[in-house]
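The structure under discussion appears below in the form of structure tokens.
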Amino acid sequence: MKESILVIGANGQIGTELVEELRHRHGESTVIATDIKPANAALEGTGPFEQVDVLDTSGLHEVMRRNNVKQVYLLAALLSATAEQKVKTAWRLNMEGLLGVLDLAREQSFKLFWPSSIAVFGPTTPRDNTPQYTITEPNTVYGISKLAGERWCEYYHQKFGVDVRSLRYPGLIGWKSEPGGGTTDYAVHIFHEALRSKKYEAFLSEDTMLPMMYMPDALRATIGIMDAAADHIKIRSSYNVAAMSFTPKDIALEIEKHIPGFSISYKPDSRQQIADSWPRSFDDAAARKDWGWRHEFDLAKMTDDMLVHLQHPVM
Ligand code: SER
């Protein structure tokens with residue numbers, strides 16, 4: 001029976017684009033998209049889709065068995081801002097979801113990708129060029145769940161030989177899908193508003209610098225770590241992966257080069273405190289050395305590409 005790849009949480013910001021990219025590489029019927037909700041507009045009709053809750057381990061197991069699944073991308077999670085509003089739900093989804101899939105990976109021996117985040121760092125972490133190994137005392141529910149998740153991934157690898165691979169994503173920016181509930185979401189919304197109304201009110205202050213990455217780079221990093229030879233993956237908790245860092249003011253200036261008259265204002269809300277606990281930039285030398293990670297997009301190149309595609313959205 002043909003082997004397939006399962007994407008859990010396929011309706012989300014990463015899932016929507018990852019499913020498309022994996023189908024492009026492996027053929028549409030090889031990639032089974034799943035989500036707790038019915039397929040979103042971008043995914044509908046593009047290939048196999050199964051509606052299943054990640055917390056329903058036996059339902060997931062059944063989908064895996066029927067499709068001879070050999071690789072799983074587990075993307076179902078609540079992001080940082082939403083998790084602060086729904087503490088117990090976030091913990092349950094982010095943590096029990098991962099543990100259930102790790103147990104399935106232990107039994108079924110599939111290769112697993114699970115995303116971590118810059119949110120594993122906290123207010124006591126050095127904020128500039130944050131190293132791979134440093135103080136990790138996150139003070140958000142999301143960050144605590146990601147840090148615990150990293151520990152579980154390493155544990156399942158060491159104790160049970162589970163082939164799990166993980167990246168600490170920075171904020172992700174793309175034009176094909178919308179983020180939901182994150183602290184870095186402003187860097188996507190700003191493009192839509194710039195084109196719609198030539199102005200944007202940021203929920204972070206003008207000088208809040210955060211690490212960010214353009215979605216094509218994030219997809220290459222994700223598929224790159226999954227395709228790397230197992231002995232190149234030296235870190236089984238999660239790898240720092242970086243591309244660029246900027247502030248709301250920096251991105252507004254870059255957008256203004258393309259949209260003269262664009263203006264930004266600032267009204268920091270509760271997400272400011274989350275952003276202030278995260279790195280300004282982080283060091284991904286280990287990913288570059290171990291499995292050859294390279295980014296392609298900086299702020300200028302990303303801005304150009306985003307605006308071209310948002311104005312001419314050909315998939
Ligand atoms: N982009 C995510 C968030 O803002 C961080 O992983 O929650």
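What you see is a predicted model, and the numbers here were worked out from it, not measured in a lab. In each ligand, atom 1 is the first atom listed, and ligand 1 is the first ligand listed.
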| request: Step through it carefully: locate the ring centre of Tyr73, locate the ring centre of Trp114, and say whether they are under 6.0 Å apart. | output: no

| query | Looking only at heavy atoms, which two atoms of Phe110 and Val69 are closest? And how far apart? | reply | CB-O, 3.9 Å

| message | I'd like to check which ligand 1 atoms, numbered from 1 as shown, lie under 4.0 Å from a non-hydrogen atom of Leu79. | response | 7 (O)

| Within 45° of the axis and under 6.0 Å from the centre of the six-membered ring of Phe160, does NZ or CZ of Arg106 qualify? | yes

| task | If you have a sec, work out which protein heavy atom is nearest atom 7 (O) of ligand 1 and how many Å separate them, to one decimal? | result | Ser80 OG, 2.6 Å

| request: Check each heavy atom of Trp278 against ligand 1 and say whether those closer than 4.0 Å belong to the side chain, the backbone, both or neither. | output: side chain

| request: Among Ile118, Asp284, Val120, find the one that has a side-chain contact (heavy atoms from CB on, under 4.5 Å) with Asn240. | output: Asp284

| query | Tell me: protein heavy atom nearest atom 1 (N) of ligand 1, and distance? | reply | Thr184 OG1, 2.8 Å

| query | Quick one: does Ser117 get an N or O within less than 3.5 Å of an N or O on ligand 1? | reply | yes

| Heavy-atom count around Gln273 CD within 6.0 Å, excluding the residue itself: above 12? | no

| For ligand 1, which atoms sit closer than 4.0 Å to a heavy atom of Tyr142? | 5 (C), 6 (O), 7 (O)

| task | Looking only at protein heavy atoms, identify the closest one to atom 4 (O) of ligand 1 and say how far it is in Å. | result | Thr183 N, 2.6 Å

| said: If I take atom CG from residue Leu147 and atom OG from residue Ser237, how far apart are they, to the nearest 0.5 angstrom? | reply: 9.0 Å

